[in-house]
Amino acid sequence: MGLRTVDLIQKKRDGHPLTADEITYLIQGYVSGSIPDYQLAAWAMAVYFQGMNAEETAHLTMAMAASGDQIDLTAIEGIKVDKHSTGGVGDTTTLVLVPLVAAVGVPVAKMSGRGLGHTGGTIDKLESIPGFTVEQPQERFLEQINRIGAAVISQSGDITPADKKLYALRDVTGTVESIPLIASSIMSKKIASGADAMVLDVKTGHGAFMKSLDDAIALAEAMVAIGTQVGRETVAIISDMEQPLGRAIGNALEMREAIETLQGNGPADLLELCLKLGAHMMQLSGRAATERDARAKLEEAIRDGHALAKLKELIAAQGGNPDAVDKPELLSVAENQLTVKADRSGYVHSMAAEEVGIAAMLLGAGRATKESEIDLAAGIVLEKKPGDRVETGDTLAVLHYSESASSEADSVASRVHSAYDIRGEQPAKGHLIYAVVTKDGVRKLA
């Protein structure tokens, strides 16, 4: 007797686990159109309320990964380690990590998307470099990684069509906030992209998708469990997004900040997170036995200039002008700047990260919809962050924008000003990294 969708909806509604064949039937049927939206929406709502166990979530992940093209990276020598961030405000880590870990011998085959939200994605940020191209045939992509150790291209072909279709459905049926569905969505794309191992940066706080630490840890545990189930070594870092990471929010501004970080002059929080993520990438690749050893090698690559040289090599290999590394004025530059000043003295206690992200998007740094045009030069540079002392009249932030956003500038400045909470007493020092999640469990660091 064949499977019936309604039976599987009822089975999940009543809290029973589905088999690999049953999950594959649902996903294949939905992608082919033989299972209608309303039935998969009912199933997604059942998952939302009943959850899925680790085996089910792994089966769902693999069914979605198998729904479209899967990239074969076996032609690349060594263990391929991918890195994924759940997103946030000012998340510049990929721009730093790709050349940094490639400089110490870890091959990085990075396929990224364009951003929808506060700023562009990694692809948009790299396109602020004159001439940089993100479109490459797969043969050239693989050849470049074997030759210089790194490549960053836009996702091409038909990767995980099931995820695209299911995510759009979840978005309009109130089923986005389901940890098994979020975890399988992220991991299916990573697995289809061909990585041998994965380091996940799971953000928590005001500017993150997962607002609470408990939810962030639960998502990390689910993704690590999927990786373990399907034979991909996976480590997750839980990092802070109560405030923006680094000081730059915006595409060219973040590219400039990544260059400064590789020169050894970047913001302390961005550098520290990159060293933490990079050390785990090195360990998973077999390039370092311990986190301490890995970190020392990464710090040396920054100090001796190898990491910066690798960025220039990457830019040149993909048609960009490597002179932009030494002459950041060659990057996209905004026509106008507006300073946001403190109206009282004290200490910055907190900063509403999401509000600052939305402010950058209103200046043109991000996309409100997929059709939105992005302004690569627009964004915000934060001169003061939580813990910093400020005096009345000090610059808190600088807005960068083009003439087309001039009418928005004053209201955006007001929004950024309101995002700062300035008080008389000095705040307690916040945490950057809360926990590391592996197949052996959760190790809390804060």
Side-chain angles (χ1 to χ4, degrees), residues 87-92 95 114-121 123-130 206-207 241-260 267 270 324 328-346 348-386 388 390-422:
V89 184
D91 186 11
T92 312
L95 298 176
R114 298 193 181 277
L116 182 61
H118 310 129
T119 62
I123 293 299
D124 298 296
K125 294 167 190 177
L126 285 165
E127 284 185 336
S128 68
I129 300 167
H206 187 277
M241 195 40 76
E242 278 297 317
Q243 58 174 300
L245 183 65
R247 294 187 179 275
I249 304 144
N251 300 282
L253 297 173
E254 289 182 45
M255 192 67 237
R256 184 180 295 214
E257 186 171 74
I259 292 166
E260 289 167 357
L270 175 60
E329 64 273 13
L330 293 175
L331 301 171
S332 304
V333 178
E335 301 157 279
N336 301 299
Q337 293 186 11
L338 178 65
T339 57
V340 179
K341 297 189 178 294
D343 59 4
R344 71 185 86 111
S345 299
V348 180
H349 257 247
S350 64
M351 176 183 287
E354 194 167 19
E355 282 298 300
V356 178
I358 292 167
M361 185 177 74
L362 292 171
L363 292 176
R367 295 180 178 88
T369 69
K370 278 188 259 190
E371 293 71 37
S372 300
E373 281 291 315
I374 205 164
D375 180 352
L376 294 173
I380 301 169
V381 175
L382 306 171
E383 297 294 334
K384 300 291 184 182
K385 290 186 69 179
D388 290 344
V390 297
E391 303 297 336
T392 303
D394 281 356
T395 297
L396 297 174
V398 181
L399 312 185
H400 294 247
Y401 58 98
S402 67
E403 282 302 321
S404 61
S406 292
S407 60
E408 299 276 357
D410 287 339
S411 65
V412 170
S414 177
R415 190 167 197 145
V416 172
H417 188 274
S418 299
Y420 279 87
D421 179 14
I422 298 171

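None of these values were measured; they are calculated from a predicted model.
The distance from the NZ atom of K384 to the CZ atom of R247 is 8.0 Å, given to the nearest 0.5 Å. How far NZ of K341 is from CG of L338: 9.5 Å, rounded to the nearest 0.5 Å. Within the model, atoms CD of E260 and CD of E254 stand 12.0 Å from one another, a figure rounded to the nearest 0.5 Å. Interatomic distance, M351 CE to L396 CG, rounded to the nearest 0.5 Å: 7.5 Å. To the nearest 0.5 Å, atom CD1 of residue I358 and atom CD1 of residue I249 are 11.5 Å apart. Of the inter-residue distances, the one linking L362 atom CG with R415 atom CZ reads 5.5 Å to the nearest 0.5 angstrom.
Considering every non-hydrogen atom in both V416 and A359, the closest pair reads CG2-CB, 3.6 Å. Across all non-hydrogen atoms, the minimal contact from K125 to D91 is NZ-O, 3.3 Å. The shortest heavy-atom contact between Y420 and A397 is OH-CB, 4.2 Å. Of all the heavy atoms in A342 and I422, the pair that sits closest is CB-CD1, 4.3 Å. For the residue pair A353 and H206, the shortest heavy atom distance occurs at N-ND1, 3.3 Å. The heavy-atom pair separating A419 from V356 by the smallest distance is CB-CG2, 3.8 Å.
Counting heavy atoms from C-beta on, the side chains of L126 and L95 come closer than 4.5 Å. Side-chain atoms of E257 and P267, non-hydrogen and from C-beta on, do get closer than 4.5 Å to each other. Residues N251 and S332 fail the side-chain proximity criterion, which asks for heavy atoms closer than 4.5 Å. Put simply, the side chain of D124 reaches to within 4.5 Å of the side chain of L376, judged on heavy atoms. For the pair E383 and V398, the minimum side-chain heavy-atom distance is below 4.5 Å. Inter-residue side-chain proximity for I129 and L331 is flagged as met; some heavy-atom pair is nearer than 4.5 Å. H417 is listed as a side-chain neighbour of D343, based on a closest heavy-atom distance under 4.5 Å.
Taking R256 as the reference, nothing meets the salt bridge (Lys or Arg N to Asp or Glu O under 4.0 Å) condition, with sequence neighbours excluded. For K385, the salt bridge (Lys or Arg N to Asp or Glu O under 4.0 Å) partners two or more places apart in sequence, or in a different chain, are D269. In this view, D410 satisfies the salt bridge (Lys or Arg N to Asp or Glu O under 4.0 Å) rule with no residue, not counting sequence neighbours.
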Under the side chain to side chain contact (heavy atoms under 4.5 Å, CB included) criterion, do V89 and M241 qualify, and how do the steps go? CA-CA 7 Å; V89 184; M241 195 40 76; 4.3 Å; yes
The test is side chain to side chain contact (heavy atoms under 4.5 Å, CB included); show your working for L363 and D375 and say whether it passes. CA-CA 8 Å; L363 292 176; D375 180 352; over 6 Å; no
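A donor-acceptor contact shorter than 3.5 Å links the side chain of E335 to the backbone of E403.
More than 12 heavy atoms of other residues, nucleotides or ligands shown are found within 6.0 angstrom of CD on E329.
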